[in-house]
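Report on the structure given below.
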Number of protein chains: 4
Amino acid sequence: MSPMCHSSSPRGRAGRPRSAEAGEAILEATRAALVELGWSKLSMGDVATRAGVAKTTLYRRWANKNELVVDAVAVLFDELELPDLGSLQADIEHVVVQFAALLERPETKTALMAVVAESTRDEPLRERIRTSIVERQKRLVLAGRERAQARGELPAGRDEEAVAVTDDLIFDVVAGAVVHRSLVSAEPVDDAWATRLSALLLGGLGAVAEAG
Amino acid sequence: MSPMCHSSSPRGRAGRPRSAEAGEAILEATRAALVELGWSKLSMGDVATRAGVAKTTLYRRWANKNELVVDAVAVLFDELELPDLGSLQADIEHVVVQFAALLERPETKTALMAVVAESTRDEPLRERIRTSIVERQKRLVLAGRERAQARGELPAGRDEEAVAVTDDLIFDVVAGAVVHRSLVSAEPVDDAWATRLSALLLGGLGAVAEAG
Amino acid sequence: MSPMCHSSSPRGRAGRPRSAEAGEAILEATRAALVELGWSKLSMGDVATRAGVAKTTLYRRWANKNELVVDAVAVLFDELELPDLGSLQADIEHVVVQFAALLERPETKTALMAVVAESTRDEPLRERIRTSIVERQKRLVLAGRERAQARGELPAGRDEEAVAVTDDLIFDVVAGAVVHRSLVSAEPVDDAWATRLSALLLGGLGAVAEAG
Amino acid sequence: MSPMCHSSSPRGRAGRPRSAEAGEAILEATRAALVELGWSKLSMGDVATRAGVAKTTLYRRWANKNELVVDAVAVLFDELELPDLGSLQADIEHVVVQFAALLERPETKTALMAVVAESTRDEPLRERIRTSIVERQKRLVLAGRERAQARGELPAGRDEEAVAVTDDLIFDVVAGAVVHRSLVSAEPVDDAWATRLSALLLGGLGAVAEAG
DNA sequence: CGCTAACCGAGACGGTACGTCTCGTCTTACG
DNA sequence: CGTAAGACGAGACGTACCGTCTCGGTTAGCG
């Protein structure tokens with residue numbers, strides 16, 4: 001399940017194989033172009049030139065600019081980590097600040113909303129975003145919740161379904177709130193804000209669990 | 001403070017005045033084009049044609065496509081209302097569902113994230129989004145909170161600053177969660193989800209207030 | 001019946017009129033590009049650049065490279081003249097040499113056969129060649145024949161139809177022979193060859209007239 | 001002197017020899033593609049696919065599209081014959097009609113002028129055309145003239161040089177006239193026209209012989 | 001009988017040009 | 001002066017071929 005799978009080999013492999021370095025050079029060039037130009041002024045030709053590659057090579061691997069950009073930024077989200085800071089509150093605060101820092105990076109800031117916007121009219125793109133970014137990062141919620149349960153901060157989830165539903169809710173709330181604060185409200189996600197958001201979640205989680 | 005203020009009349013008025021109907025026809029045409037084509041395939045020329053107007057007229061009133069789109073969709077957000085449903089929980093649920101319905105409309109769905117994305121590289125646009133959309137809709141949080149205080153569901157805010165900070169937090173959390181659920185996770189914002197989100201917030205609000 | 005008529009004004013005139021100088025600059029640039037690059041390496045983008053014009057401007061006026069090239073070279077054929085040299089033999093020799101000289105010019109040499117080749121698959125192009133080049137130059141045959149009749153070198157044509165048919169034959173023979181000698185056989189059309197061809201025609205004309 | 005001689009074996013032969021059937025399949029595929037697409041839309045990749053052959057195989061044998069096309073159509077010209085019809089006039093008429101029929105075939109029609117056009121800028125191509133097509137078909141003039149001399153319709157040529165010069169003239173006139181009538185004037189080469197052309201030539205030949 | 005050199009198919013590669021589209025500006029004539 | 005119409009310079013789009021290259025795999029003939 002390679003990230004770049006636009007019309008791969010039909011059955012086995014015949015002919016010259018795709019250059020491995022080209023792929024990485026392109027993604028790197030894409031990120032550089034995002035930083036310099038932003039999403040809307042990024043052009044395929046420019047990326048190709050930066051990567052020292054022909055435009056055709058880009059189109060051979062990605063159907064369009066959006067798919068390319070998703071692949072280029074998806075890897076950045078994998079840098080997010082959830083070290084054990086001893087309490088759920090601390091863990092949440094940490095990931096919130098980390099995520100906000102990621103969103104402050106110019107390549108992420110300009111690209112994320114743009115591809116989400118495009119995905120509202122492009123089902124394959126939406127799917128690629130889901131698999132490359134969204135679903136991958138739910139691991140953070142999962143890990144945080146399980147660690148909190150291990151610590152006894154949260155009750156063990158009896159109903160598996162209910163646990164997953166709550167995980168999803170938390171994910172949308174945390175990710176959504178950080179994105180909205182950062183990109184829409186355009187106000188800083190500092191430690192104080194992260195603390196307030198964590199407090200809100202912790203308090204709310206109890207209520208949701210009771211209501212369950 | 002008209003929403004379209006790109007170089008008004010210099011000092012008094014001379015020559016032929018601007019057609020009043022043209023402005024509304026353009027915004028209407030813009031919304032229609034958003035529905036049919038989505039943001040990225042919407043073009044100024046097409047909007048002009050639909051509105052029966054020359055391209056020049058568009059550029060005389062809006063600096064570019066993004067400013068035009070913001071004005072075209074901003075008005076839709078004013079339709080959001082907060083009827084008194086008797087409890088804070090019900091009020092929140094109602095506005096969440098209403099907001100989700102708004103985001104499901106094709107013109108809003110395709111446009112909102114797009115202009116936010118563009119605004120990360122365009123300060124005037126960001127400002128226009130803030131004044132035309134974001135700040136205007138904070139009224140909903142304000143109204144909901146005051147009504148809840150009146151009902152006694154929430155304590156009266158002693159510190160005005162702290163109240164505003166919490167209002168902002170709630171706004172980012174609610175708006176962000178709904179947007180993320182709807183556009184990024186691409187899963188439905190139904191009554192059940194709205195109920196869970198409301199429960200989370202109500203529970204959290206208590207905690208935040210205590211911590212405050 | 002302007003030579004450049006690719007989708008001109010729908011009914012009357014509205015909007016900015018087409019730049020007159022642009023048209024001439026484009027044709028001039030086309031001829032220059034033909035000289036330097038030849039037909040097959042001539043590109044629309046290059047012509048546009050040479051003419052200091054946008055590619056769109058070319059496509060607004062000509063449907064494709066072939067139509068442009070026909071217009072660019074057609075005017076060169078109008079330079080052919082038929083001065084009265086006192087005898088039909090001399091007149092023929094002169095026009096043969098003149099035509100050969102025209103075919104030796106690099107822009108004509110490379111372009112003429114190319115557009116004729118393309119015209120075998122492109123009816124509008126064939127028509128444009130006929131009206132812009134072929135039919136226009138039949139004037140030379142007409143003038144030569146009438147002058148010879150006036151001199152008494154040829155009998156006055158009784159049957160108008162037969163005269164036209166013979167004119168066409170002569171045109172195809174002269175033009176075809178020169179083109180074939182010059183471009184296919186790739187041998188020089190010098191005075192000696194022109195003399196031989198003229199002699200052949202003069203001798204043949206008598207026979208055709210008798211047979212006629 | 002094989003027709004396909006693009007960088008044969010260096011000194012002797014080693015390794016696998018070239019597939020004989022591939023060569024014919026490629027020429028056949030080229031003709032088919034010419035019929036369907038015409039010269040300008042014929043592509044090497046398409047020919048390769050039609051022939052069930054790799055593009056590499058084409059380039060191993062022909063330097064480029066034009067050389068390939070010349071070889072593909074050259075063989076068609078060998079079908080021209082000059083049966084003895086009893087008189088020079090009849091022989092000429094016959095070959096004229098035959099040649100016109102050949103030029104009416106879509107593969108010939110589209111290819112011949114195209115490669116001639118290209119040859120004005122490509123000396124090796126011009127040479128290939130001369131040896132593969134032009135010089136080969138002069139045999140028809142030669143045979144016709146000798147047969148006419150044998151019949152006593154034409155005087156025996158005293159001066160060998162003069163005879164060759166006249167042969168060339170006749171070749172250019174006949175071939176040129178037919179091509180021009182057929183492809184440039186785009187009018188039919190029917191029996192009547194062939195008769196007129198033959199009459200012109202026969203009459204002219206006498207004059208040229210006397211003048212010669 | 002196994003080497004080995006040249007062949008073969010497939011298809012990716014860096015390029016170039018295509019013809020279309022949209023941008024935002026400019027130039028008309030009309031009201 | 002505002003307007004509708006539409007041409008303009010600029011430049012990106014995504015596609016199609018070009019001619020070259022790199023693969024893995026035949027297929028001869030020579031040793």
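The sequence lines fix the lettering, A, B, ..., with proteins before strands; numbering per chain opens at 1. Only a predicted model underlies this, so the values are computations on that prediction, with no experimental measurement involved.
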Does this structure show an ion pair linking [X] with [Y], if we count only N-O contacts that are shorter than 4.0 Å?
| X | Y | result |
| --- | --- | --- |
| C:Glu24 | C:Arg61 | no |
| A:Asp46 | A:Arg50 | yes |
| A:Glu67 | A:Arg128 | yes |

Nearest of [options] to any side-chain atom of [X]?
| X | options | result |
| --- | --- | --- |
| D:Arg16 | E:dG11, F:dG6, E:dC8 | E:dC8 |
| D:Arg61 | E:dG19, F:dA7, E:dC8 | E:dC8 |
| A:Ser43 | E:dA12, F:dA12, E:dG24 | F:dA12 |
| A:Arg18 | E:dC13, E:dT28, F:dG6 | E:dC13 |
| C:Pro17 | F:dC8, E:dT28, E:dC8 | E:dT28 |
| B:Val53 | E:dG15, F:dA4, F:dC18 | F:dA4 |

Problem - Most 5' of B:Met44 and A:Gly15 on DNA chain E, judged by nearest nucleotide - result: A:Gly15
Exercise for the section: Would you mind telling me which residue lines up with the more 5' stretch of DNA chain E, D:Lys55 or A:Lys55, judged by nearest nucleotide? Expected result: D:Lys55
Handout entry: Side-chain donor/acceptor of B:Thr57 to base of F:dG2, under 3.5 Å
Key = no
Exercise for the section: Please work out if A:Ser19 contacts a base, only the sugar-phosphate, or nothing of the nucleic acid, heavy-atom cut-off 4.0 Å. Expected result: sugar-phosphate
Practice task
Send over the distance from D:Lys65 NZ to F:dA16 P, rounded to a whole Å.
Solution key: 16 Å
Practice task
Would you please test D:Glu118 and D:Asn64 for side-chain contact (heavy atoms from CB on, under 4.5 Å) and show each step?
Solution key: CA-CA 12 Å; D:Glu118 293 292 290; D:Asn64 53 53; over 6 Å; no
